[in-house]
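Quick notes on the structure that follows.
Letters go in sequence order (proteins before strands), and every chain restarts at 1.
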2 protein chains.
Amino acid sequence: MVTTPAESALRDSPYHADCPTRHILDRIGDRWTVLIVGALWDRSNRFSELRRRIEGISQKMLTQTLRGLERDGLVRRTVYPEVPVRVEYALTEAGRTLRKPLRALEEWSIAHLGDVSAAQKAYDRAD
Amino acid sequence: MVTTPAESALRDSPYHADCPTRHILDRIGDRWTVLIVGALWDRSNRFSELRRRIEGISQKMLTQTLRGLERDGLVRRTVYPEVPVRVEYALTEAGRTLRKPLRALEEWSIAHLGDVSAAQKAYDRAD
DNA sequence: CGGTATCCGTTGTGATACTG
DNA sequence: CAGTATCACAACGGATACCG
């Protein structure tokens, strides 16, 4: 039997810091991670390629987010010692397993974000 | 046909700010939302009850997070004008639809967080 | 090319005091 | 009981300059 978010969310303490769902949100909940994972979905990318494809990301945040993903074993960094140096980033097998939960999030968004937006407008008009 | 995170993540601009997956992460990616949704999973709760059940949450963050969920139509707030006043919070039908994506996140966490933790240790030992 | 280092504004969160 | 108001502080992220 699989536990529900409801059950596990309240099973742990203190601060429920080890709620499993909170842990993955710490991992993918930031501004850039899902965009990088998305960009690496089909094939590996060079650093500069990622920078171009992900509009608005700074060099700092691209490096920082990639380092985090590499540290967690979700992305593999490969350096080809050519001149100039070439660095390729690719999802690992573990990284690919993110597909299912990310897909679930995306499907919810597509199905419900219109309602959420309407609810916000109604709420703001009311008060 | 359903789009993948990979495809949709890079379709939009600028900053890919309207990637659907990013939008739901803006909604549930904070520190307290999933814990509150979890606490409301089976039944409605009073304000003080939520405060007791969710260890470590401050009054400010509980209020603030509940207001956001109410504004988005995911939680319904009901005031019973007794003395002293009683306020009940419950998930709406829309709020209950979060079950599927939250469950997917939780299953990933349970299946993979051990590997992630091991990868972190290996990475930190290496460098 | 693929980074690091530094500075700095913004945002998220917590502590505390007060209120209808 | 269920909040609101205010202050303080740390983390996040962007801009810029520099480097192997």
Side-chain angles (χ1 to χ4, degrees), chain A residues 13-17 19 22-23 25-36 39-40 44-72 75-90 123 127, chain B residues 13-17 19 22-36 39-40 44-72 75-90 123 126-127:
Chain A
S13 65
Y15 286 37
H16 304 301
C19 163
R22 283 287 320 123
H23 270 103
L25 288 172
D26 283 340
R27 168 68 274 179
I28 66 166
D30 64 63
R31 187 165 175 185
W32 299 112
T33 293
V34 298
L35 298 175
I36 292 178
L40 295 176
S44 70
N45 280 239
R46 301 184 59 164
F47 185 87
S48 52
E49 194 175 12
L50 284 172
R51 205 177 169 191
R52 259 181 298 108
R53 294 183 69 196
I54 303 174
E55 255 181 271
I57 195 169
S58 65
Q59 197 165 40
K60 171 185 171 178
M61 290 316 297
L62 181 52
T63 300
Q64 186 173 301
T65 309
L66 284 169
R67 288 292 175 280
L69 287 166
E70 190 194 356
R71 177 171 184 260
D72 290 352
V75 158
R76 178 173 33 254
R77 177 176 184 268
T78 311
V79 182
Y80 297 92
E82 309 166 352
V83 184
V85 65
R86 180 165 60 96
V87 181
E88 292 273 356
Y89 291 93
Y123 184 94
D127 95 318
Chain B
S13 64
Y15 286 38
H16 303 298
C19 162
R22 284 288 319 124
H23 270 104
I24 183 177
L25 288 172
D26 283 341
R27 170 65 277 180
I28 65 167
D30 64 65
R31 186 166 176 182
W32 299 110
T33 293
V34 299
L35 298 176
I36 292 179
L40 295 175
S44 70
N45 280 239
R46 300 183 60 164
F47 185 86
S48 53
E49 193 173 12
L50 284 172
R51 202 175 173 195
R52 260 181 296 107
R53 294 182 69 196
I54 303 175
E55 256 181 272
I57 195 168
S58 66
Q59 198 164 38
K60 172 184 171 181
M61 289 315 299
L62 182 54
T63 300
Q64 186 172 303
T65 309
L66 284 169
R67 287 294 175 279
L69 286 166
E70 189 194 358
R71 177 170 182 261
D72 290 351
V75 158
R76 177 173 32 253
R77 177 176 184 268
T78 312
V79 182
Y80 298 92
E82 310 166 351
V83 183
V85 65
R86 180 166 58 98
V87 180
E88 292 273 357
Y89 291 92
Y123 184 94
D127 97 316

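- With rounding to whole Å, Met61(A) atom CE is found 14 Å from dT10(C) atom C1'.
- With rounding to the nearest 0.5 Å, the separation of CD in Glu88(B) from CD in Glu49(B) is 7.0 Å.
- Rounded to a whole Å, the CZ atom of Arg27(A) is 12 Å from the P atom of dC12(D).
- Residue Leu62(B) contributes atom CG, which lies 14 Å from atom C1' of dG14(C) at whole-angstrom precision.
- Heavy-atom nearest nucleotides on DNA chain C were determined for Arg51(B) and for Gln64(B), and the one closer to the 5' end corresponds to Gln64(B).
- Nearest heavy-atom pair, Ala39(A) versus Ile54(A), reported as atom, atom and distance to 0.1 Å: CB-CD1, 4.2 Å.
- At whole-Å resolution of the value, CG in Asp30(A) and P in dT10(C) are 21 Å apart.
- Put simply, the side chain of Arg53(A) never gets that close to the backbone of Ser48(A): no donor and acceptor are under 3.5 Å apart.
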Check residues 59-70 of chain A and write down every donor-acceptor pair under 3.5 Å in which the side-chain atom is one partner and the other belongs to a residue at least two apart or another chain.
residue  : atom : partner  : partner atom : Å
Thr63(A) : OG1  : Gln59(A) : O            : 3.1
Thr65(A) : OG1  : Met61(A) : O            : 2.7
Arg67(A) : NH1  : Tyr89(A) : OH           : 3.3

Worksheet, complete the sentence: With sugar-phosphate taken as primed atoms, P, OP1 and OP2 and all else as base, the protein-contact string of nucleotides 2-10 of chain D at under 4.0 Å (heavy atoms; B, S, -) is BBB--B---

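- Rounded to a whole Å, the CZ atom of Arg31(B) is 15 Å from the C1' atom of dT11(C).
- In this structure, Arg71(B) CZ and Tyr123(A) OH are separated by 8.0 Å, a value rounded to the nearest 0.5 Å.
- For the pair Leu35(B) CG and dT13(C) P, the computed distance is 12 Å after rounding to whole Å.
- Atoms CZ and OG1, on Arg22(A) and Thr33(B) in that order, are 8.5 Å from each other to the nearest 0.5 Å.
- We find that CG of Asn45(A) is positioned 15 Å from P of dC1(C), with the value rounded to whole Å.
- Distance, Asp26(B) CG to dT11(C) P: 13 Å, rounded to whole Å.
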